[in-house]
Amino acid sequence: LLLVGILMGPALAQAQLGRHLALPSSASTSEPTLGRALGAPRVAPPALDPLRDWAFDLSATTSMPVSIGLEAQVETPIGVFANLSLCHAPSAYLETVAAMLRGADVFGANVDPMIQEAIGQGAWNVRLGVGVRLVEGLELSIGYTYLTASASLSPTTIEAATGQRIAWTGMTEVPMSIDVHALHGRLGYRILVEEHFVVRVAIGWTHSVSTTAHVDVPPRVREFPNDPATQIEDAVSEGFGKYGFTPEVLLSAGYRF
């Protein structure tokens, strides 16, 4: 019995240790179970990042002949996106539009000097859009464009445009402002370089839906024969309503955060 006890002692000790560690006493004991039995700290699973599949782009953009400025775009994991642009339309861009209208005989040579003065300071615009990524890289969007411009016209150019002499009673310039509300659409392709640098090219169309023009003159000027100030306002509003549309070519480059 003493000899049996000596021979069985190590085996019984191993079994007791296995039970204490909640492990089989055989050599097939797994390390994770042993680690838990010995009080090893649990390793938490990696935390889920809810923003991982969202994208935010900030780009410098130009859309010839409407705007040049900055655009921010947010894209959801399902490929739906929204963008906001704050831009300026340089006078060179607006001259391109004026040349198209001039070539279509929208206005005559007598009106051209007034047009040149009106677009001399360019214009500011805000653009809002929503769209969807059709396939990887291919984007389709629609949106709203608000454009505002102001300029000071000389009395002589107004007289040439209206074909009548006007008693301006000391006025050396005539302030004028234009507000345009338009809709736009784009079809373009986005290229992502090294996951952060983003380039977009697109073609689009902008079409005005409402235009308001205002000539800032004293009330007495509106009492002049034929009310030239109102004539100018109506002519500008009518012209934009009939011809206020243009194709666009867009190019932007920026960073994806």
Side-chain angles (χ1 to χ4, degrees), residues 55-76 80-102 106 115-133 137-153 175-193 196-214 236-237 239-241 243-257:
F56 175 73
D57 303 337
L58 183 61
S59 305
T61 181
T62 179
S63 186
M64 179 72 178
V66 178
S67 58
I68 180 171
L70 293 176
E71 181 175 87
Q73 178 165 305
V74 177
E75 183 175 327
T76 69
V80 176
F81 58 83
N83 51 50
L84 168 66
S85 302
L86 302 176
C87 302
H88 182 255
S91 58
Y93 280 20
L94 299 181
E95 169 56 30
T96 301
V97 178
M100 293 168 57
L101 298 179
R102 190 185 303 115
V106 174
I115 297 294
Q116 296 302 317
E117 288 186 1
I119 65 177
Q121 300 300 318
W124 293 95
N125 61 76
V126 177
R127 317 192 83 179
L128 300 170
V130 294
V132 62
R133 187 182 68 239
L138 187 63
E139 299 176 333
L140 176 66
S141 65
I142 58 174
Y144 163 77
T145 296
Y146 169 69
L147 183 146
T148 182
S150 60
S152 295
L153 309 180
M176 180 179 180
S177 61
I178 303 173
D179 295 309
V180 179
H181 304 272
L183 299 178
H184 67 263
R186 296 175 184 169
L187 177 63
Y189 194 80
R190 182 213 66 210
I191 302 170
L192 194 59
V193 182
H196 288 292
F197 296 98
V198 60
V199 177
R200 284 183 172 87
V201 292
I203 55 174
W205 185 269
T206 294
H207 203 116
S208 67
V209 294
S210 174
T211 301
T212 302
H214 178 69
V236 171
S237 298
F240 270 92
Y243 299 99
F245 53 83
T246 179
E248 296 181 63
V249 178
L250 178 141
L251 174 64
S252 69
Y255 189 83
R256 169 162 290 191
F257 295 89

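If you read the sequence from its start, that first residue is 1, and numbering goes on from there.
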- Query: If you measure from CG on Leu58 to CD on Glu71, what distance do you get to the nearest 0.5 Å?
  - Reply: 9.5 Å
- Roughly how far, to the nearest 0.5 Å, is the OG atom of Ser237 from the CG atom of Asp179? 10.0 Å
- Parallel, tilted or perpendicular: ring planes of Tyr255 versus Phe257, cut at 30 and 60 degrees: perpendicular
- Task: State, with a plain yes or no, whether a side-chain heavy atom of Asp57 is found less than 4.5 Å away from one of Arg200.
- Result: yes
- Please tell me if the side chains of Phe56 and Arg256 come closer than 4.5 Å, counting only heavy atoms from C-beta onward. no
- Note on the structure: In short, Tyr93 meets Val66 closest at the heavy-atom pair CD2-N, 3.9 Å
- Message: Please check this pair: side chain of Thr76 against backbone of Val80, looking for a donor-acceptor N/O pair closer than 3.5 Å.
- Response: yes
- Query: At their closest point, which heavy atom of Ile119 faces which heavy atom of Ser91, and how far apart are they?
  - Reply: O-CB, 3.2 Å
- Task: Could you verify whether a donor N or O on one side chain and an acceptor N or O on the other, from Thr206 and Arg127, lie under 3.5 Å apart?
- Result: yes
- Message: Take a 6.0 Å sphere around CD of Glu248 and say whether it holds more than 12 heavy atoms from other residues, nucleotides or ligands.
- Response: yes
- Rounded to the nearest 0.5 Å, the CD atom of Glu139 sits from the OH atom of Tyr189 at a distance of 10.0 Å
- Item | Steps toward side-chain contact (heavy atoms from CB on, under 4.5 Å) verdict (His214, Thr212) | CA-CA 7 Å; His214 178 69; Thr212 302; 5.5 Å; no
- Item | Flag side-chain contact, heavy atom, 4.5 Å: Leu183 against Ile142 | no
- Item | Heavy-atom neighbours of Tyr144 OH exceed 12 at 6.0 Å | yes
- Item | Closest heavy-atom pair and its distance - Ala118, Ala151 | O-CB, 3.5 Å
- Note on the structure: When every non-hydrogen atom of Gly122 is compared with those of Ala149, the smallest separation belongs to O-CB, 3.7 Å
- Which atom of Ala182 lies closest to which atom of Ser208, heavy atoms considered: CB-CA, 3.6 Å
- Item | Side chain proximity check, Thr62 to Val249, heavy atoms < 4.5 angstrom | no
- Note on the structure: Separation between CD1 (Ile68) and CG (Leu251), nearest 0.5 Å, reads 10.0 Å
- Query: Does atom CG of Leu138 have more than 12 heavy-atom neighbours, drawn from other residues, nucleotides or ligands, at distances under 6.0 Å?
  - Reply: yes
- Message: Using side-chain contact (heavy atoms from CB on, under 4.5 Å), reason through Val126 and Leu86 one step at a time and then give a plain yes or no.
- Response: CA-CA 5 Å; Val126 177; Leu86 302 176; 4.0 Å; yes
- OG-CG distance between Ser85 and Leu70, expressed to the nearest 0.5 angstrom: 8.5 Å
- Query: How long is the gap from OG on Ser67 to NE2 on His88, to the nearest 0.5 Å?
  - Reply: 10.5 Å
- Item | Gln73 side chain reached by Arg190 side chain, heavy atoms, under 4.5 Å | no
